[in-house]
Amino acid sequence: MAKYEIIGGNPLNGQVVISGAKNAVVGILPATLLVQGKCRIENVPNISDVRILLDILRSMNAQFEWVDHSTLEIDTTGVKSCEPDSSLVTKLRASYYLMGALLGRFGKAHVALPGGCNFASRPIDQHIKGFLALGADVDETDEYIELSAGADGLQGARISLDVVSVGATINIMLAATLMPGQTIIENAAKEPHIVDLANFLNTMGARITGAGTDTVKIRGVKALKGGTYTVIPDQIEAGTYMAAAVATGGDVLVQNVIPKHLECITTRLREMGAKITEFDDSIRVQREGSLRRITVKTMPYPGFPTDMQAQICVCMSLANGISRLTESVYETRFFGYCSELESMGANIQINGKTASITGTDKLFGTTVRANDLRAGAALVIAGLAAEGTTYVENIHYVERGYERLIEKLTALGAQIRRIED
Ligand code: EPZ
């Protein structure tokens with residue numbers, strides 16, 4: 001298995017360009033199944049989650065090509081099957097979006113249960129609730145989900161989610177886009193990638209309003225046509241580099257961002273003492289002096305993202321005093337990385353949903369293991385900030401969500417290389 005070797009202690013300085021948003025693209029690629037014709041999608045990150053989804057679509061007879069390093073042209077007209085390859089589907093979490101897209105296109109779907117990061121129990125009961133409300137029959141086993149049109153057919157419906165769920169919001173949008181009637185999703189998730197998917201679908205001819213609010217309305221249309229769409233920048237990749245600049249004491253201009261999407265992260269890093277300057281499509285992060293302790297609670301957007309929990313924890317472990325970090329989305333997320341950080345010298349006490357982090361002067365390099373995507377990113381940040389050499393194992397998790405990580409960090413002055421075992 002490959003690992004990163006990181007020689008820590010170098011402040012990150014310079015510029016980094018953020019790639020397209022993973023959590024938007026993993027919804028947009030399944031959405032191309034709803035389109036009759038060719039879609040040209042720009043600012044697509046070339047990461048393993050994207051490559052696996054493209055492998056799944058190709059195995060279903062979709063045609064695609066990379067026009068350049070970040071532009072895809074994809075045509076799913078030739079797809080006839082509603083049963084994607086389960087050996088591929090189980091490789092990532094977002095494959096469950098194929099359920100909504102195939103139900104929306106064919107009126108049926110047979111999709112293996114997803115894989116991906118297992119830092120918490122990740123039920124899909126709200127997705128199922130949506131499919132049932134739309135008139136689907138659902139056969140759920142511990143291996144797959146089978147969807148088909150119920151006796152009364154498929155029809156738009158009003159669905160009130162019991163939990164704010166990104167995945168369920170996206171899956172219901174995909175299922176409802178071509179369905180007759182109007183669908184209303186109440187208590188919908190408001191993340192930027194929800195809005196991006198709605199904008200993609202509307203560019204192709206859908207009629208979706210309210211994305212980004214807690215009520216999304218989808219008026220079913222008969223067909224979508226091909227077109228061109230540019231994916232938004234990745235909010236969490238940007239936040240990860242911002243946290244790395246703070247943790248290493250650097251000065252980084254993070255380019256190709258939407259500052260509004262980063263407001264919750266910017267606010268917290270400023271509270272810690274970072275100097276942050278916002279421009280139209282970039283943000284400069286400078287660490288000046290020591291870091292102050294802060295209190296953070298993760299929340300659905302526009303709150304502080306749960307996907308930044310591990311990264312801000314590294315900054316807290318280097319701040320003066322005791323910081324408090326409360327997780328409100330995935331209770332067990334701390335266990336993906338806190339013991340690894342402690343092996344580097346961090347002082348973290350977990351008590352239920354809240355971790356107390358007592359800051360220390362420095363972390364020390366050692367061998368650590370990534371247990372999920374964002375945990376791995378946090379351990380890379382810790383290695384960059386630590387004294388000595390850190391080996392991060394299980395980096396396939398990290399490479400699921402961070403495009404050209406070595407190249408981008410090296411350009412910022414990091415001493416990091418990938419070692420194949
Ligand atoms: C998406 O996961 C993201 N993944 C996650 O990012 C992110 O952490 C999460 O949203 C929250 O922002 C992708 O977009 C591919 P949820 P998702 O449904 O959709 C509960 C990363 O690092 N819930 O919003 O699975 C659930 O248990 C990944 O890029 C139900 O109870 O998250 C959780 O407590 C990791 N029933 C809460 O809702 C359901 O049917 C939020 O989950 C669905 C969810």
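In each ligand, atom 1 is the first atom listed, and ligand 1 is the first ligand listed.
More than 12 heavy atoms of other residues, nucleotides or ligands sit less than 6.0 Å from atom CG of Asp139. In the displayed structure, Asp280 atom CG is contacted under 6.0 Å by at most 12 heavy atoms of other residues, nucleotides or ligands.
If you look at Ala168 next to ligand 1, there are no close heavy atoms at all, none under 4.0 Å. Contact annotation for Asp125 and ligand 1: heavy atoms of both the backbone and the side chain come within less than 4.0 Å of the ligand. Contact annotation: for His127 versus ligand 1, heavy atoms closer than 4.0 Å belong to both the backbone and the side chain. In Glu331, neither the side chain nor the backbone holds a heavy atom less than 4.0 Å from any atom of ligand 1.
In terms of N/O distances under 3.5 Å, ligand 1 is not approached by Ala94. Note: an N/O pair closer than 3.5 Å links Asp307 and ligand 1 by distance alone.
Near Ile124, the atoms of ligand 1 lying under 4.0 angstrom from a non-hydrogen atom of the residue are 39 (C), 40 (O). Near Thr306, meaning under 4.0 Å from any of its heavy atoms, are these atoms of ligand 1: 8 (O), 11 (C). Residue Arg333 approaches ligand 1 through these ligand atoms, each under 4.0 Å from one of its heavy atoms: 8 (O), 22 (O), 35 (C). For ligand 1, the atoms closer than 4.0 angstrom to any heavy atom of Lys22 are 21 (C), 29 (O). Every atom of ligand 1 is numbered from 1 in the order shown, and the set under 4.0 Å from a heavy atom of Gln126 is 36 (N), 39 (C), 40 (O). Here is the list of ligand 1 atoms found below 4.0 Å of a heavy atom in Ser165: 16 (P), 18 (O), 24 (O), 43 (C), 44 (C). Near Arg93, with a cut-off below 4.0 Å to any heavy atom, the atoms of ligand 1 are 25 (O). Within ligand 1, the atoms closer than 4.0 Å to a non-hydrogen atom of Arg374 are 21 (C), 22 (O), 29 (O), numbered from 1 in the order shown.
Summarising the geometry of Phe304 relative to Cys264, their closest heavy-atom pair is CD1-O, 3.8 Å, with the distance given to 0.1 Å. Minimum heavy-atom separation, Gln235 to Pro305: NE2-CG, 4.3 Å. Scanning all heavy atoms of the two residues, the minimum distance from Thr76 to Leu33 falls at OG1-CA, 3.4 Å. Of all heavy-atom pairs between Gly156 and Thr183, the closest is CA-OG1, 3.1 Å.
In this structure, Lys3 is positioned above the aromatic face of Tyr391, its NZ or CZ under 6.0 Å from the six-membered ring centre and within 45° of the axis.
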Verdict with supporting geometry, Glu327 and Lys353, salt bridge (charged side-chain N to carboxylate O under 4.0 Å, His left out): CA-CA 5 Å; Glu327 172 61 35; Lys353 294 183 179 182; over 6 Å; no

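A salt bridge is absent between Glu399 and Arg404: the closest approach of a Lys/Arg side-chain nitrogen to an acidic carboxylate oxygen does not fall below 4.0 angstrom.
Ligand 1 lies nowhere less than 4.0 angstrom from a heavy atom belonging to Thr169. For the ligand labelled ligand 1, residue Ala189 lies outside the 4.0 Å heavy-atom shell.
Evaluated by nearest non-hydrogen atom to atom 9 (C) of ligand 1, the leading choice among Tyr96, Tyr397, Tyr330, Tyr97 is Tyr330. By heavy-atom distance, the residue among Val329, Leu92, Leu373 lying nearest atom 34 (O) of ligand 1 is Val329.
In this structure, His127 and Tyr96 have tilted ring planes: the angle between them lies in the 30° to 60° band.
There is a side-chain donor-acceptor pair under 3.5 Å between Tyr402 and Thr240.
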